[in-house]
Amino acid sequence: MSTKEEKRIIEFLDDAYSCRLNDLRQSILLAKKGLAQSKQIGSKKLIARSLGQLSLYYMITGEFEESMSLALKAIEIFEELKDEKGIADAKYSMSGLYYKTDNFHKGLSYLIE
């Protein structure tokens with residue numbers, strides 16, 4: 001059962017994802033807020049989800065090093081949690097990152113994973 005804090009964090013992350021097409025800065029702010037609060041309550045699942053979403057948003061903005069760093073941190077936590085969907089989502093972001101940097105082969109390998 002989710003706590004009140006967890007529900008609030010999930011709302012931040014859902015709102016961040018919803019507004020990513022119209023207001024990417026707001027998405028980043030909401031995901032950072034979700035990450036900070038996830039760390040406060042010690043929820044590894046929500047920390048990893050926040051990191052994964054931030055990775056996606058930074059990939060979109062072209063901040064590739066930050067995006068890659070966040071994706072790798074998210075994957076590490078998702079692997080620890082044995083969360084296959086989380087791993088797949090983070091690797092999907094990495095595939096987009098490699099695609100945008102013209103490293104199509106690596107992007108394809110992460111997309112296939």
Side-chain angles (χ1 to χ4, degrees):
M1 178 178 236
S2 294
T3 66
K4 203 186 238 185
E5 293 86 7
E6 288 173 326
K7 287 180 182 177
R8 189 174 321 126
I9 293 165
I10 291 167
E11 285 179 22
F12 287 142
L13 297 175
D14 288 346
D15 290 347
Y17 192 77
S18 294
C19 73
R20 75 191 183 287
L21 299 175
N22 298 320
D23 193 351
L24 196 53
R25 282 183 234 164
Q26 181 66 13
S27 293
I28 291 170
L29 291 173
L30 288 169
K32 282 183 175 182
K33 194 171 189 175
L35 178 59
Q37 290 187 10
S38 297
K39 287 179 177 180
Q40 283 180 339
I41 67 168
S43 172
K44 286 187 177 188
K45 182 177 181 176
L46 291 174
I47 291 169
R49 181 175 168 191
S50 299
L51 291 168
Q53 282 189 230
L54 278 169
S55 173
L56 172 66
Y57 306 145
Y58 282 124
M59 183 268 296
I60 294 168
T61 63
E63 295 182 47
F64 300 133
E65 287 181 32
E66 184 69 12
S67 176
M68 180 63 73
S69 174
L70 293 167
L72 291 170
K73 288 176 187 174
I75 289 170
E76 185 178 313
I77 296 169
F78 283 131
E79 285 176 343
E80 181 182 324
L81 298 172
K82 298 182 181 5
D83 183 336
E84 294 297 321
K85 183 184 180 315
I87 294 167
D89 286 343
K91 286 187 177 183
Y92 181 79
S93 290
M94 289 175 67
S95 71
L97 175 66
Y98 283 120
Y99 181 81
K100 283 187 166 202
T101 58
D102 293 332
N103 195 337
F104 302 117
H105 178 73
K106 245 186 179 174
L108 182 60
S109 69
Y110 276 101
L111 186 59
I112 289 170
E113 281 187 46

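Computed from a predicted structure; not experimentally measured.
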Quiz: residues 24-33 side-chain donor-acceptor pairs under 3.5 angstrom, not counting sequence neighbours:
{"unit_1": "Ser27", "atom_1": "OG", "unit_2": "Ala16", "atom_2": "O", "d": "2.6"}
{"unit_1": "Ser27", "atom_1": "OG", "unit_2": "Arg20", "atom_2": "N", "d": "3.1"}
{"unit_1": "Lys32", "atom_1": "NZ", "unit_2": "Tyr58", "atom_2": "OH", "d": "3.2"}

Salt bridge (Lys or Arg N to Asp or Glu O under 4.0 Å) contacts in which one or both residues fall within residues 45-68, not counting sequence neighbours: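 Qualifying pairs: Asp14-Arg49.
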Hydrophobic clusters here meaning ILVMFWY residues chained together by side-chain heavy-atom distances under 4.5 Å, can you tell me if [X] and [Y] are in one?
X: Phe78; Y: Leu46; answer: no
X: Ile41; Y: Ile10; answer: yes
X: Met68; Y: Met59; answer: yes

Show me, pair by pair, the donor-acceptor contacts under 3.5 angstrom made by side chains of residues 69-77, not counting sequence neighbours?
none

Would you check if [X] and [Y] make a side-chain contact, meaning some heavy-atom pair closer than 4.5 Å?
X: Tyr57; Y: Tyr17; value: yes
X: Arg8; Y: Gln37; value: yes
X: Leu35; Y: Ile9; value: no

Under the rule for side-chain hydrogen bond (donor to acceptor under 3.5 Å, both in side chains), what residues qualify as partners of [X], not counting sequence neighbours?
X: Glu80; result: Lys44
X: Ser67; result: Ser55
X: Asp15; result: none

Partner residues of Asp89 under the salt bridge (Lys or Arg N to Asp or Glu O under 4.0 Å) criterion, sequence neighbours left out: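 Lys85.
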Separation between CD of Glu6 and CD of Glu11, rounded to the nearest 0.5 Å: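 CD of Glu11 is found 12.5 Å from CD of Glu6.
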